Protein chains: 2
Amino acid sequence: MVELTRRQAIEDVASDLFRERGYAGTSIRDIARALSVQGASLYAHVDSKEDVLWAIVDRAASRFEAAADDAERGVASRRPGDPAEAVAALVRAHIQVLTADVDEASVFVHEWRALGEMRRAVILARRDAYEARFRRAIEEGIAVGAFAMTDPAIASTTLLTALNGVATWYDPDGRLPAGRIADHLVDLALRMLEGRA
Amino acid sequence: MVELTRRQAIEDVASDLFRERGYAGTSIRDIARALSVQGASLYAHVDSKEDVLWAIVDRAASRFEAAADDAERGVASRRPGDPAEAVAALVRAHIQVLTADVDEASVFVHEWRALGEMRRAVILARRDAYEARFRRAIEEGIAVGAFAMTDPAIASTTLLTALNGVATWYDPDGRLPAGRIADHLVDLALRMLEGRA
DNA sequence: CCTACCGATCGGTAGG
DNA sequence: CCTACCGATCGGTAGG
């Protein structure tokens, strides 16, 4: 990957290290070492260690939101009122963002708790709003009889947790390309919701 | 909860803090402060910070393993050759251990990576062996036609990730008792595996 | 369980 | 981007 800016290079390296060792387990000097500069030199590009975490988490959140926007728009135009299609599109969008930059996505999933109080509250609200999209699609499916009766809150949390779990084992050079993984998770998700005939 | 030994009190407090802030984000002095003693005083009871993490992770691993042993024995005696029953029993066992001590279970799920090389390898092997029990039950179900065709590795990882996700939101004082949560996850798991008729 | 202390490392600043 | 440095905190030890 070609680095456009030094700032971007810092965030890429930080995503990798934060994913592997966590935010608290990674020092500014660890990040600097991976870039072959002195720790203090990073402060020419970033204001604080937390700013780096925030940049990663905020960008990842925006990617997930934008992908869900596209997914919902696509379903609304092609297959309006089809809850299975809505869930499938959201699952595909989520896995696509997750696999496009698995380091960044992993940091978003696991390290947002290390943010300061205010930023953590902002991300929590965005996570809640994001999960609500899945929950509404599930509620819609239950309402029209397409999905089995379930607690929509548990189902949506469980589904999202399962999707995020892909970040812990996905390997861009692994046996399964991202598209095939998305296929599998769409299958698992829909079976989980639709249940037996 | 009454504390039998000081060592146990240290591990309980550490489980809570490791879950909230992570192992790297928790200092020995944080643990000591929660027990109203000086940081150095803890070293009368533990050899190192990592020993505390190891004690928690090792105990949690043993609990999951023992519960799965019981589950498999119970199914073998009551309903041998019933893969749905086998998966249901494993799911119930997992949720039972997870909800019995959600701090300890969360540390097992998330913080084992902070262990040193050798201990991390030991836990990784035990985690793999544990996941293999779920995978075998799923493979068995596919072989006898009880479950839909799926990639058993993806299905077992996804299932376990979904189960572990309960640790992030389970609240002993919440609206759902542990038993009801287990019921829901058994339903979701079996529907995910059995698929449509 | 305490005080006193160790060397190492932390996030970050000053000044070039 | 560097050197030099700051105060704070880290895991851990000595000695009582």
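The figures that follow rest on heavy atoms only: side chains count, while hydrogens, waters and symmetry mates do not. Order of the sequence lines sets the chain letters (A, B, ...), proteins ahead of strands, with each chain counted from 1. The shown structure was predicted, so the numbers you read here are calculated from the model rather than taken from an experiment.
Remark: A:D70 does not engage A:R92 in a salt bridge, criterion side-chain N to carboxylate O under 4.0 Å. One finds no salt bridge joining A:R136 and A:E140 here, because no Lys/Arg side-chain nitrogen approaches an Asp/Glu carboxylate oxygen to under 4.0 Å. Between A:D101 and A:R19, none of the side-chain N atoms (NZ, or NE/NH1/NH2) sits under 4.0 Å from a carboxylate O, so this pair counts as no salt bridge. Ion pairing of B:R175 with A:D151 is present here, as a side-chain N (NZ or NE/NH1/NH2) and a carboxylate O approach within less than 4.0 Å.
A:Y170 is linked by a side-chain hydrogen bond (donor to acceptor under 3.5 Å, both in side chains) to nothing, counting only residues two or more places apart in sequence or in another chain. Residues passing the side-chain hydrogen bond (donor to acceptor under 3.5 Å, both in side chains) test with A:T168: none are found, sequence neighbours excluded.
For the residue pair B:R191 and A:T150, a side-chain donor N or O sits within less than 3.5 Å of a side-chain acceptor on the partner. Side-chain polar atoms of B:T157 and B:R135 form no donor-acceptor pair below 3.5 angstrom.
Consecutive pairing runs in DNA chain D reach the stem threshold at C:1-16 with D:1-16, where a stem means at least three Watson-Crick or G-U wobble pairs with distances under 3.5 Å.
Shown for residues 21-29 of chain B: residues whose heavy atoms fall under 4.0 angstrom of DNA chain D, namely B:T26, B:S27, B:I28, B:R29. Of the residues in residues 44-58 of chain B, B:S48, B:K49 come within less than 4.0 Å of DNA chain D through at least one heavy atom, sorted by number.
Both tests hold for B:R127 against B:F108: distance to the six-membered ring centre under 6.0 Å, angle to the ring axis within 45°.
Mapped onto DNA chain C by nearest heavy atom, A:A40 and A:R33 fall at different nucleotides, with A:R33 at the one closer to the 5' end.
Side-chain contact between A:L98 and A:F64: present, with at least one pair of heavy atoms (C-beta onward) separated by less than 4.5 Å. Considering only heavy atoms from C-beta on, A:W112 stays 4.5 Å or farther from A:L53 through its side chain.
Reading DNA chain D from its 5' end, the first and the last nucleotide to sit under 4.0 Å from a heavy atom of chain A are D:dC1 to D:dA4.
Ring pair A:H94/A:Y130 is tilted by interplanar angle, where 30° to 60° counts as tilted.
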